[in-house]
Trainee: 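Quick one: the structure is below, and I'll ask about it shortly.
Order of the sequence lines fixes the chain letters, A, B, ..., with proteins taken first and strands second; residue numbering starts at 1 for each chain.
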Amino acid sequence: MQSIEEKWQKRWEETRIFEADADPNRPKIFVTFPYPYVNGDGHLGHLYSQLHAEFYARYKRMKGFNVLFPQGFHATGQPIVAAARRIREGDPKYIRILKAYGFSDEEIPEFGDPKKWIDTFVARWKSALHKMGFSIDWRRSFHTTELNPPYDKFVRWQYTKLREKGLVVRGTHPVVWCPVEKIPVGDHDRPDEYAGIGPEEIVVIKFRLPDGTVVPTGTYRPETVYGVTNIWINPEVEYVVAEVDGERWIISEWGAKHLKEQLHDVKIIDRIKGAELVGKTVKNPVTGKEVPILPASFVDPDVATGIVMSVPAHAPYDWIALEDLKKDEETLKKYGIEEIVKSIEPISLIEVEGYSEFPARDAVEKYGIKSQRDEEALERATEEIYKKEFYTGKLKEIFGEYAGRTVQDVKDELIERFKEMNAATTMWITPIPIEDRAGHKCLVKIVENQWFLKYSDEKWKEMAKETLKTTEFDPEPDARKAVEHTIDWLHDWACTRDVRSSLGTRLPWDDSQYVESLSDSTVYMAYYTIAHFLQNAEEYGINVDALDEEFFDYVFYGKGDPAKIAEKIGTSREIVERMRQEFEYWYPVDLRSTGKDLLQNHVTFSIFHHAALFPGKHIRRWTANGWVLLNGQKMSKSKGNFITIIMAQERWGADATRFAEAYAGNVTLEDANFDTSVADAMVEELPRWIEFIRRWYGKGTAEYRNIDRWFESKVNRIIREVDEEYEKLNTRNIVNLAWFEFWRTVKYYLRRTGDNPNREIFSKALENWVKIMTPVTPHTAEEIWHEVFGRDSFVSLERFPEAEEEKIDKRVEQLEEFVQRTVDDIREVLRLAKVEEPKRIVIILGDDWKYDAFKRVKELLAEGERNVGALMEAIPPEYRREVAKIITSAVKNPKRIPEIIGTKEDEFSALSEAKEFIEREIGVPVEVVKSYDHPKARSALPFKPAIVVE
RNA sequence: GCGGGGGUGGCCGAGGGGUCAAAGGCGUCGGACUUAAGAUCCGAUGGGCGUAGGCCCUGCGCGGGUUCGAACCCCGCCCCCCGCACCA
């Protein structure tokens with residue numbers, strides 16, 4: 001099979017049948033899949049979404065459309081740069097990854113260069129997709145970042161335009177920062193255990209010593225300032241005395257450094273040991289209450305200000321620290337604080353269902369916490385209390401005007417108010433101390449040369465929403481709801497990154513910043529329309545350096561003089577005009593297939609950017625899908641159940657893999673399931689399919705029978721339905737119909753005709769069968785098309801069959817169902833009748849009056865009649881008793897009566913024609929009669945003949 | 001907590017008021033074919049009853065409700081997955 005696949009891939013490539021150019025005389029379809037990030041191979045999950053685009057492209061091509069399906073690759077961002085650096089540093093983990101890909105020891109050092117990653121994995125992706133039989137126009141392929149100058153120019157143009165429209169604005173932004181290297185520290189620049197930890201904003205409450213010196217305490221829970229009984233300081237730590245924005249503060253040294261990086265004016269003037277402050281009193285700036293400073297070992301000088309406030313009623317840490325201290329006579333004596341400590345009473349602030357007035361105590365007991373060193377349990381307890389109190393707790397009277405509300409509700413208001421009172425400020429920290437990979441301690445810096453996409457802009461939001469009205473989503477409405485919600489909720493997005501830690505396109509007006517990776521991927525589908533010219537610039541004499549705003553303005557907006565532009569960039573006016581035509585013709589995208597995870601970011605961004613840059617040309621249809629499970633399990637490298645596209649191709653070949661992916665699910669946001677047993681089975685089934693068709697193509701009789709009409713009806717029905725499913729991209733339904741249902745129909749037809757199909761009808765059906773399977777299994781289809789049918793054309797370019805509506809005949813199908821049902825009934829009767837050796841079976845049709853009577857009953861039921869008496873009117877009086885039961889049950893469930901009541905004649909001829917078939921099936925001679933002298937004969941009904949075994 | 005999706009038979013999955021003991025696939029069992037195995041074809045596959053094609057019970061996460069009738073509609077609850085951002 002693999003060699004057959006290779007053969008067709010080569011033929012498609014040589015004949016360039018998937019290369020598409022603008023052709024104003026033909027309707028077009030433009031299909032895309034998000035460009036994948038090239039730091040590794042694609043897997044079954046990528047392939048699943050990608051195949052939606054591929055199936056659609058192939059289907060539409062067979063529907064007569066001029067179809068463009070291009071594919072680019074994404075290299076913007078940090079992971080590749082970070083991986084390259086790790087290879088340079090000899091990181092064994094990264095070397096292992098590359099070894100697992102099969103790269104040699106000699107080649108691995110080359111991966112120290114990010115470009116090597118890009119080149120290698122772009123090539124691997126392309127090869128994988130090629131081997132999967134994708135109908136991609138590879139001339140238009142490209143990768144991102146300034147390593148690809150023409151694309152780089154395109155992104156710069158895009159940002160120039162956005163800035164002109166006021167949609168890119170300057171702002172500040174907190175980042176995790178290495179103060180030694182003076183560089184932001186992203187996930188990829190840290191040891192793995194620190195990945196995913198970002199800056200968090202905390203509130204600093206400004207307690208004050210009698211002389212006004214600020215003793216700042218950091219907290220996530222500023223609302224609990226009402227319940228502070230004391231503040232904690234670490235007696236062993238040396239703090240600094242600093243002038244902060246004109247006030248005198250005592251703070252940990254690390255805290256002071258943070259503030260300095262966060263746009264505060266900080267001057268260190270002195271140092272002071274924590275112990276010196278123990279026993280002193282500070283004033284709560286919110287309540288005005290005086291509280292003592294007490295010693296606690298759990299206070300970490302590297303977190304926030306290095307001083308915390310104590311709310312024992314609601315914070316497990318504080319509760320246990322106070323307990324510890326009360327028992328610690330030595331310390332109490334040392335600082336002379338026995339009296340103070342023993343008099344401390346927790347203050348209850350928040351009422352929480354299921355907890356006492358001191359939830360912290362409850363949690364400490366529940367988790368069995370013995371001392372402030374039980375850190376793990378304390379963390380869990382804290383989290384539990386925090387969540388409960390935050391979402392469900394009610395503030396008590398002590399909160400005055402805020403009483404009765406929830407923390408969630410009032411938190412922001414409180415913070416604002418505390419700030420206005422100069423009782424608090426805010427500060428950014430990392431929740432735990434972080435180091436970069438060089439071992440430098442990181443802090444949070446607020447960077448000022450940061451640029452934002454102004455997604456908060458109301459007008460922009462409106463424009464984005466407006467385009468939704470003419471955008472389709474699959475699945476509807478789930479995907480649409482997700483996007484709508486995101487548009488409402490999205491605020492400004494930091495869209496640039498420091499060039500020292502990333503890869504991308506530089507902002508046209510700020511060389512130090514790259515456009516961030518999600519932000520350079522919003523309208524690039526437009527680039528595909530001209531990519532074959534720009535990516536092969538020499539061929540067209542295009543000088544890439546000269547591609548400027550004017551050029552792109554012409555291509556995308558039709559502004560300017562093509563002749564002048566042509567001269568400037570070194571090519572002909574014709575080429576420049578052709579680029580404009582390509583864009584005009586292809587844009588917008590008709591279908592974009594994506595993963596559900598991108599709905600809340602990439603998809604929404606793209607909608608925003610299209611609204612701003614290409615008004616009226618937004619993407620017409622988005623289709624989103626869930627993850628792909630592997631045999632019901634999440635795929636993961638560590639579990640060892642991870643299948644890349646390349647691995648799948650090697651194991652099953654393209655068509656079997658494509659089939660199993662199609663079978664994995666329909667269009668929904670639920671997870672799909674790739675079943676390896678389906679792929680395994682298809683490896684056997686596809687060659688068998690070829691042989692089956694070879695055996696039957698052109699065989700059969702010229703006779704035209706009722707059963708041939710049935711077959712035509714079924715086949716055309718399948719074609720009609722599969723056509724709809726292709727349009728909807730319900731791939732599982734496609735395969736269910738075009739494969740399983742078709743097989744069943746074909747097999748039954750052969751059995752029914754005693755292996756004597758109608759030649760013309762059957763052969764035509766086989767051709768159509770191959771066609772409707774072509775998008776899913778194109779290689780096998782081409783093979784049959786050429787080698788079995790002897791055609792010269794590509795089936796990939798053949799017209800998708802049109803269902804012949806006039807041949808779809810429900811009545812004919814129902815009569816065949818009648819035959820099947822009769823066979824089933826005979827089987828059942830034979831099983832139960834216990835006749836030793838049945839000699840013959842007599843099938844007796846119902847009396848004539850029953851057909852008319854049932855028809856009348858059916859009509860009345862359809863009109864809504866539910867009165868048994870009224871229905872009985874339709875039955876001749878002498879028979880009423882006989883059918884009373886069935887009428888009663890029909891009233892309860894009208895569908896008990898067959899959908900169509902045919903004529904006795906139809907039923908008679910259907911059974912008569914099927915006589916031989918029935919005999920073959922049950923192995924007993926059969927007689928079909930219109931009436932018979934036997935007690936059973938009376939039980940015959942329309943659609944249900946009486947059966948007598950003799 | 002918020003937003004989105006979901007919980008159906010041994011497994012994967014359709015179905016979104018009556019034709020539903022629930023399509024289709026996989027698996028399992030029985031039969032045909034075969035020297036045999038495999039493949040293929042046919043049949044069965046919740047439980048019980050039935051010398052007549054049928055009947056009864058249980059059943060679509062849990063508990064209520066609406067309805068002549070609920071897997072499907074409504075209310076409450078439990079559980080699972082994804083996102084909650086500057087990361088691709």
Trainee: Show the nearest heavy-atom pair for residues A662(A) and V735(A), with the distance to one decimal.
Mentor: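 For A662(A) versus V735(A), the nearest heavy atoms are CB-CG2, 3.5 Å.
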Trainee: Base, sugar-phosphate, or nothing: which does A494(A) touch, judged by heavy atoms less than 4.0 Å apart?
Mentor: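 It contacts base atoms.
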Trainee: Contact class for A479(A) (heavy atom, under 4.0 Å): base, sugar-phosphate, or nothing?
Mentor: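 Nothing, no nucleic acid heavy atom in range.
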Trainee: If we ignore hydrogens and angles and just use 3.5 Å, is the side chain of H46(A) paired with the main-chain N or O of H43(A) as donor and acceptor?
Mentor: yes
Trainee: Just N and O in the side chain of K936(A): are any of them under 4.0 Å from OP1 or OP2 of rG53(B)?
Mentor: no
Trainee: Would one find a side-chain N or O of K634(A) under 4.0 angstrom from OP1 or OP2 of rC82(B)?
Mentor: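 It does, given that an N or O in the side chain of K634(A) lies less than 4.0 Å from OP1 or OP2 of rC82(B).
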Trainee: Does R744(A) get its side chain close enough to the base of rG25(B), under 3.5 Å, for a donor-acceptor pair?
Mentor: no
Trainee: Please pick, from rG3(B), rA88(B), rG4(B), the nucleotide with the shortest atom-to-atom distance to any side-chain atom of H74(A).
Mentor: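 Taking heavy atoms from C-beta onward, the closest nucleotide is rA88(B).
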Trainee: For nucleotides 28-34 of chain B, which of its nitrogen or oxygen atoms have a protein nitrogen or oxygen under 3.5 Å away, and what is each distance?
Mentor:
none

Trainee: Below the 4.0 Å mark, does rA39(B) have OP1 or OP2 next to a side-chain nitrogen or oxygen of R688(A)?
Mentor: no
Trainee: H74(A) and Y35(A): aromatic ring centres closer than 6.0 Å?
Mentor: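 Yes: the rings meet the under 6.0 Å criterion.
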Trainee: Kindly state whether the ring of F605(A) and the ring of W493(A) have centres lying under 6.0 angstrom apart.
Mentor: yes
Trainee: Please tell me which of the listed nucleotides, rG24(B), rA88(B), rG3(B), lies nearest to the side chain of Q600(A)?
Mentor: rG3(B)
Trainee: Does Y663(A) have R732(A) sitting over its ring (NZ/CZ under 6.0 Å from centre, angle to axis within 45°)?
Mentor: yes
Trainee: Please give the stem ranges for RNA chain B, sorted by first residue number, where a stem is three or more consecutive Watson-Crick or G-U pairs and both donor-acceptor distances are under 3.5 Å.
Mentor: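 Stem list for RNA chain B: B:1-7 with B:78-84, B:10-12 with B:24-26, B:27-32 with B:40-45, B:46-49 with B:54-57, B:61-65 with B:73-77.
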Trainee: Suppose we call two aromatic rings close when their centres sit under 6.0 Å apart. Are F692(A) and W743(A) close by that rule?
Mentor: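 Ring-ring flag for F692(A)/W743(A): true, centres closer than 6.0 Å.
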Trainee: Between the protein and nucleotides 7-13 of chain B, which nitrogen or oxygen pairs come in under 3.5 angstrom?
Mentor:
{"from": "rC12(B)", "atom 1": "O3'", "to": "N673(A)", "atom 2": "ND2", "distance (Å)": "3.3"}
{"from": "rC12(B)", "atom 1": "O2'", "to": "N673(A)", "atom 2": "ND2", "distance (Å)": "3.3"}
{"from": "rC12(B)", "atom 1": "O2", "to": "R732(A)", "atom 2": "NH2", "distance (Å)": "3.3"}
{"from": "rG13(B)", "atom 1": "O2'", "to": "R732(A)", "atom 2": "NE", "distance (Å)": "3.4"}

Trainee: Give the minimum heavy-atom separation between T731(A) and N666(A), together with the two atoms involved.
Mentor: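 Distance-wise, the nearest heavy atoms are N-OD1, 3.4 Å.
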Trainee: Quick one: is K596(A) getting a side-chain N or O under 4.0 Å of the rG6(B) phosphate, OP1 or OP2?
Mentor: no
Trainee: So, taking the atom named SG in C495(A) and the one named NE2 in H173(A), what distance separates them when rounded to the nearest 0.5 Å?
Mentor: 10.5 Å
Trainee: Please confirm whether the shortest side-chain N or O distance from S677(A) to OP1 or OP2 of rC26(B) is below 4.0 Å.
Mentor: no
Trainee: E661(A) and R658(A): salt bridge (charged side-chain N to carboxylate O under 4.0 Å, His left out), yes or no, with the steps?
Mentor: CA-CA 5 Å; E661(A) 286 273 29; R658(A) 292 168 67 113; over 6 Å; no
Trainee: Classify the angle between the aromatic ring planes of W689(A) and W739(A) as parallel (below 30°), tilted (30 to 60°) or perpendicular (above 60°).
Mentor: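 Perpendicular.
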Trainee: Select base, sugar-phosphate, or nothing to describe what E741(A) touches, counting heavy atoms under 4.0 Å on all strands.
Mentor: nothing
Trainee: On the nucleotide rC42(B), are OP1 or OP2 found under 4.0 Å from the side-chain N or O atoms that R920(A) carries?
Mentor: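 Answer is no, no contact under 4.0 Å.
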Trainee: Looking at Y514(A), I'd like to know if the NZ or CZ of R497(A) sits under 6.0 Å from its six-membered ring centre while staying within 45 degrees of the ring's axis.
Mentor: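 Cation-pi check for R497(A) and Y514(A): fails.
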